[in-house]
Peer 1: 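This is the structure I have questions about; it appears just below.
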Amino acid sequence: MSLFLLILIVGAAAGFLATRFMRVQTDVPTTIALGMAGAAVSWFVLRLIAKIAGSGLMFIGAVLGAMALIWIWKTYISR
């Protein structure tokens, strides 16, 4: 129950700020619903970005690792 209350409070605050920044007049339930929906959408988008960035970093790490192994092979093994 406390997690739902926390989501409700954060959603209300986020919805209130968003409606003020966008200069939209809405009632309290709509403001809370907009805040909670915005939090859900942003959570999904941020997780997607983190997953894509993680894959990109793994690729960069793989290339750097292969380059290091090639350097070691050329320097010490292929003499």
Side-chain angles (χ1 to χ4, degrees):
M1 182 64 181
S2 64
L3 181 61
F4 179 74
L5 185 60
L6 178 66
I7 291 171
L8 189 69
I9 292 169
V10 169
F16 175 78
L17 289 174
T19 55
R20 295 306 171 252
F21 289 149
M22 300 296 294
R23 294 188 177 100
V24 176
Q25 296 295 324
T26 58
D27 56 345
V28 173
T30 304
T31 300
I32 293 171
L34 286 171
M36 292 174 70
V41 168
S42 66
W43 175 81
F44 176 75
V45 169
L46 289 175
R47 297 246 335 174
L48 183 65
I49 289 171
K51 187 175 284 192
I52 291 170
S55 298
L57 290 175
M58 184 174 30
F59 178 73
I60 291 169
V63 170
L64 292 175
M67 289 172 61
L69 288 175
I70 290 170
W71 178 79
I72 290 170
W73 179 71
K74 284 177 63 176
T75 304
Y76 298 109
I77 298 174
S78 70
R79 287 185 171 195

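Just so we're clear, the structure is a prediction, and the values are computed from it rather than from any experiment.
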Peer 1: Mind checking side chain to side chain donor-acceptor pair (under 3.5 Å) for Thr26 and listing every partner two or more places apart, or none if nothing turns up?
Peer 2: Thr31

Peer 1: Suppose clustering is done on Ile, Leu, Val, Met, Phe, Trp and Tyr with side-chain heavy atoms closer than 4.5 Å. Which residues sit in the same group as Leu48?
Peer 2: Ile52

Peer 1: Running the 4.5 Å side-chain criterion over Ile, Leu, Val, Met, Phe, Trp and Tyr, what cluster does Leu34 land in, apart from itself?
Peer 2: none

Peer 1: Could you list the residues that satisfy side-chain contact (heavy atoms from CB on, under 4.5 Å) with Val41, not counting sequence neighbours?
Peer 2: Val45

Peer 1: Quick test of your reading: applying side chain to side chain donor-acceptor pair (under 3.5 Å), list the pairs with at least one residue in residues 33-60, sequence neighbours left out, ordered by first then second residue.
Peer 2: none

Peer 1: Using distance only, find each side-chain donor-acceptor pair of residues 6-21 under 3.5 Å and give its atom names and separation, not counting sequence neighbours.
Peer 2:
from  : atom 1 : to    : atom 2 : distance (Å)
Thr19 : OG1    : Gly15 : O      : 3.0
Thr19 : OG1    : Phe16 : O      : 2.9

Peer 1: Suppose we screen for side-chain contact (heavy atoms from CB on, under 4.5 Å). Which residues come up paired with Val63, at least two apart in sequence or across chains?
Peer 2: Phe59, Met67

